[in-house]
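In this text, all values refer to a predicted model and were calculated from it rather than measured experimentally. Lettering of chains follows the sequences in order, A, B, ..., and the numbering in each one begins at 1.
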Number of protein chains: 2
Amino acid sequence: MYSNRQNQWVMAKNKMSVSEKTCTLKEVLDIIGGKWAMPIIYILSKGKMRFKEIERSIEGINTRMLVKELKNMEANGIITREVFATVPPTVEYTLTPKGEKLLPSIVSLHTWGQEFTA
Amino acid sequence: MYSNRQNQWVMAKNKMSVSEKTCTLKEVLDIIGGKWAMPIIYILSKGKMRFKEIERSIEGINTRMLVKELKNMEANGIITREVFATVPPTVEYTLTPKGEKLLPSIVSLHTWGQEFTA
DNA sequence: CAGAATCCAACCGGATACTG
DNA sequence: CAGTATCCGGTTGGATTCTG
């Protein structure tokens, strides 16, 4: 998945010293490291929401990006998508238990921001 | 800072309901939401490190991105940069107290990854 | 409402090569 | 070692149009 370029200064037989530990973090960031994933999770912590509700709640996002992120998050088991055959159609998104377990980290980041980006 | 496009379906007088709360989170992500900031912080939690050490420790990063992130993080008071006039030159990076306070969140994300990306 | 599709500009990120 | 400079492709983002 990651390119394997080695720098020219070090032959590094045992180079993987720390990277194994960071690798898991990178995998996590591959899932929720995008620009909008965490804001979406944070918004959904209040409970299930419809597509346009989410779009309106997150300042600066647009339809295309929201669709893309929601699909990605659904594929990773972080949210659930429910479709209701109403007119006009209703689609609701909910955090899965797996997704909810991300909340402490995100809330913690949010709190850090309140303390330091005054 | 953010564009203000409104969708055509909803006039939304009171639209900012949730976005104020997410705004702080977005500011945080503007600082450490990049692809490499959190891995760097995670790596630096072990103590001060030199430029090439960091570069070798983080699989997949390249020089330009590392420089850019380090500058950005220094400008945001997350890390400290120390230059030593040696030959060859030595530059060491350290987490500031402000930066250290991000660790719980990042460790928490890492732990989540260990549980769910097996 | 909930998207899908398309076009296009802007920026981000990656691979290298080069310098003090 | 610690960067800087350069080229370049992919992604992001915005606007707009269309469909069920």
Side-chain angles (χ1 to χ4, degrees), chain A residues 1-12 15 26 29-30 33-40 44 48-75 79-94, chain B residues 1-12 15 26 29-40 44 48-75 79-94:
Chain A
M1 189 143 204
Y2 300 108
S3 72
N4 226 2
R5 136 175 140 61
Q6 284 313 317
N7 70 68
Q8 54 279 55
W9 287 84
V10 180
M11 273 316 172
K15 55 192 157 59
K26 293 254 287 297
L29 294 176
D30 278 346
K35 189 171 179 178
W36 302 110
M38 293 201 218
I40 293 171
L44 284 180
K48 66 178 55 179
M49 282 179 95
R50 301 177 61 174
F51 184 87
K52 279 290 174 193
E53 283 184 290
I54 303 173
E55 186 171 13
R56 272 184 251 115
S57 300
I58 299 179
E59 195 182 357
I61 202 170
N62 62 30
T63 307
R64 225 195 56 227
M65 283 302 107
L66 181 54
V67 170
K68 189 181 276 188
E69 279 295 345
L70 289 173
K71 274 182 181 165
N72 188 27
M73 293 165 71
E74 190 194 5
I79 60 171
T80 302
R81 181 175 180 262
E82 281 180 291
V83 184
F84 300 93
T86 55
V87 179
T90 302
V91 180
E92 289 182 341
Y93 294 89
T94 323
Chain B
M1 191 144 202
Y2 299 107
S3 74
N4 224 3
R5 133 170 143 62
Q6 283 313 316
N7 69 68
Q8 55 280 54
W9 287 84
V10 180
M11 273 314 171
K15 56 193 158 55
K26 293 251 289 297
L29 295 177
D30 279 346
I31 299 174
I32 55 153
K35 190 170 179 178
W36 302 109
M38 295 201 216
I40 292 172
L44 283 180
K48 66 178 56 180
M49 281 180 95
R50 301 177 62 174
F51 184 87
K52 277 292 173 192
E53 283 184 290
I54 302 174
E55 187 172 13
R56 271 183 251 116
S57 299
I58 299 178
E59 194 182 0
I61 202 171
N62 62 31
T63 307
R64 202 181 58 102
M65 284 300 107
L66 181 54
V67 171
K68 189 182 274 189
E69 279 295 346
L70 289 174
K71 275 181 182 166
N72 188 27
M73 293 166 71
E74 189 194 4
I79 60 171
T80 302
R81 190 184 114 119
E82 280 181 292
V83 184
F84 300 93
T86 55
V87 180
T90 303
V91 179
E92 290 182 341
Y93 294 89
T94 323

Give every donor-acceptor pair under 3.5 Å between a side-chain atom in residues 67-75 of chain B and any protein atom, sequence neighbours left out.
unit_1	atom_1	unit_2	atom_2	d
B:Asn72	OD1	B:Asn76	ND2	3.1

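Within 4.0 Å of B:Tyr93, counting heavy atoms only, lie sugar-phosphate atoms of the nucleic acid but no base atom.
Distance B:Ile61 CD1 to D:dA2 P: 14 Å, rounded to the nearest Å. Atom CZ in B:Arg81 sits about 8 Å away from atom C1' in D:dA2, given to the nearest Å. Going from atom CD of B:Glu59 over to atom C1' of C:dG14 covers 15 Å, rounded to whole Å. Rounded to whole Å, the distance from CG on A:Asp30 to P on C:dG13 is 13 Å. B:Lys71 places its NZ atom 15 Å from the P atom of D:dA2, with the value rounded to the nearest Å. With rounding to whole Å, A:Leu29 atom CG is found 15 Å from C:dG13 atom C1'. Rounded to whole Å, atom P of C:dG13 lies 14 Å from atom CG of B:Leu70. Between A:Glu55 atom CD and C:dA2 atom P there is a gap of 9 Å when expressed in whole angstrom units.
You'll find the side chain of A:Leu66 reaches within 4.5 Å of the side chain of A:Ile40, heavy atoms only. Between B:Pro39 and A:Leu29, some side-chain heavy-atom pair lies under the 4.5 Å cut-off. By the 4.5 Å heavy-atom criterion applied to side chains, B:Arg81 and B:Val91 are counted as neighbours.
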Report, one pair per line, the protein and nucleotides 7-13 of chain D atoms (nitrogen or oxygen only) whose separation is under 3.5 Å.
unit_1	atom_1	unit_2	atom_2	d
D:dT12	OP2	A:Lys68	NZ	3.4
D:dG13	OP1	A:Lys35	NZ	2.4
D:dG13	OP2	A:Trp36	NE1	3.1
D:dG13	N7	A:Arg64	NH1	3.1
D:dG13	N7	A:Arg64	NH2	2.5
D:dG13	O6	A:Arg64	NH1	3.3

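A distance-only check finds no donor-acceptor pair linking the side chain of B:Glu55 to the backbone of B:Ile61 [under 3.5 Å].
We find that A:Lys26 and B:Glu59 are not joined by a salt bridge, their nearest charged nitrogen and carboxylate oxygen being 4.0 Å or further apart.
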Kindly determine whether A:Lys35 and A:Met65 satisfy side chain to side chain contact (heavy atoms under 4.5 Å, CB included), including the steps that lead there. CA-CA 9 Å; A:Lys35 189 171 179 178; A:Met65 283 302 107; over 6 Å; no

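Atom CZ of A:Phe84 is separated from atom CZ of A:Arg50 by 9.5 Å, given to the nearest 0.5 angstrom.
For the pair B:Pro89 and A:Val91, both in contact range of DNA chain C, the more 5′-proximal nearest nucleotide belongs to A:Val91.
The phosphate of D:dG3 (OP1 or OP2) has no side-chain N or O of B:Lys52 nearer than 4.0 angstrom. Close to C:dG3, at under 4.0 Å from its OP1 or OP2, lies no side-chain N or O of A:Arg50.
Nearest to the side-chain atoms of B:Val67 among the listed nucleotides C:dC1, D:dT4, C:dA2 stands D:dT4.
Inter-axis angle, ends of the helix from C:dC1-D:dG20 to C:dG20-D:dC1, five pairs per end, rounded to 10 degrees: 40°.
Of all the heavy atoms in A:Ser57 and A:Met49, the pair that sits closest is OG-CE, 3.4 Å.
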